[in-house]
Amino acid sequence: MRTIALILGILSIFGMLLGFIPCLGAFNWINIPFALIGLVVSIVAHGKEDGTSKSNAMAGIIMCSIAMVLGFARLIVGGGIL
């Protein structure tokens, strides 16, 4: 599950970068919910107690959070919200 969290984090970062390309800013409307799902999976994976390293889950949490915050900022600046 921690590996899935890392993969979702990486994909959400790539989606956020795609949303920064001019004329593709609306892609953030798809990427933000995807990053939210990745964030939930990452938090659940981080919370499991099985004695292994939690670095993949923590990386997923960080990347999904960054993708959500910067995606919202891009939508606000681009006029997609408000």
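Keep in mind that the numbers below use all heavy atoms, side chains included, and drop hydrogens, waters and symmetry copies.
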When rounded to the nearest 0.5 angstrom, what is the spacing between [atom1] in [X] and [atom2] in [Y]?
X	Y	atom1	atom2	answer
Ile61	Asn56	CD1	CG	11.0 Å
Leu6	Met63	CG	CE	4.5 Å
Lys48	Met1	NZ	CE	5.0 Å
Lys54	Ser42	NZ	OG	13.0 Å

Minimal non-hydrogen separation, [X] against [Y], with atom names:
X	Y	value
Leu8	Gly38	CD1-CA, 3.8 Å
Ala35	Cys64	O-CB, 3.5 Å
Leu11	Phe34	CB-CE2, 3.7 Å
Trp29	Leu75	NE1-CD2, 3.6 Å

TODO: Could you identify which residues cluster with Ile30, counting Ile, Leu, Val, Met, Phe, Trp and Tyr as linked when any side-chain heavy atoms lie under 4.5 Å apart, either directly or through a chain of such contacts?
DONE: Leu18, Ile21, Leu24, Phe27
- [ ] Would you kindly confirm whether Leu39 and Val69 end up in one hydrophobic cluster when ILVMFWY residues are joined by side chain heavy atoms under 4.5 Å apart?
- [x] no
TODO: Group every Ile, Leu, Val, Met, Phe, Trp and Tyr by side-chain heavy-atom contacts under 4.5 Å, then state whether Leu70 and Ile10 land in the same group.
DONE: yes
TODO: Could you give me the CA-CA distance, side-chain angles and deciding distance for Ile13 and Met16, then say whether side chain to side chain contact (heavy atoms under 4.5 Å, CB included) is met?
DONE: CA-CA 5 Å; Ile13 288 290; Met16 183 226 17; 4.2 Å; yes
TODO: Would you check, one step at a time, whether the test side chain to side chain contact (heavy atoms under 4.5 Å, CB included) holds for Ile62 with Ile66?
DONE: CA-CA 6 Å; Ile62 292 169; Ile66 290 171; 3.8 Å; yes
Open item on the list: My understanding is that only one of Ile7, Val44, Asp50 makes a side-chain contact (heavy atoms from CB on, under 4.5 Å) with Arg2; could you say which?
Closed with: Asp50
TODO: Say whether, by atom type as modelled, one donor and one acceptor occur between the side chain of Asn31 and the main chain of Ser12 under 3.5 angstrom.
DONE: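 Checking the backbone N and O of Ser12 against the side chain of Asn31, a donor-acceptor pair under 3.5 Å is found.
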Task: Main-chain N/O of Gly19 paired to Arg74 side chain as donor or acceptor, under 3.5 Å - done: yes
- [ ] Would you indicate whether Phe14, at its atom CZ, is surrounded by more than 12 heavy atoms from other residues, nucleotides or ligands within a distance under 6.0 Å?
- [x] no
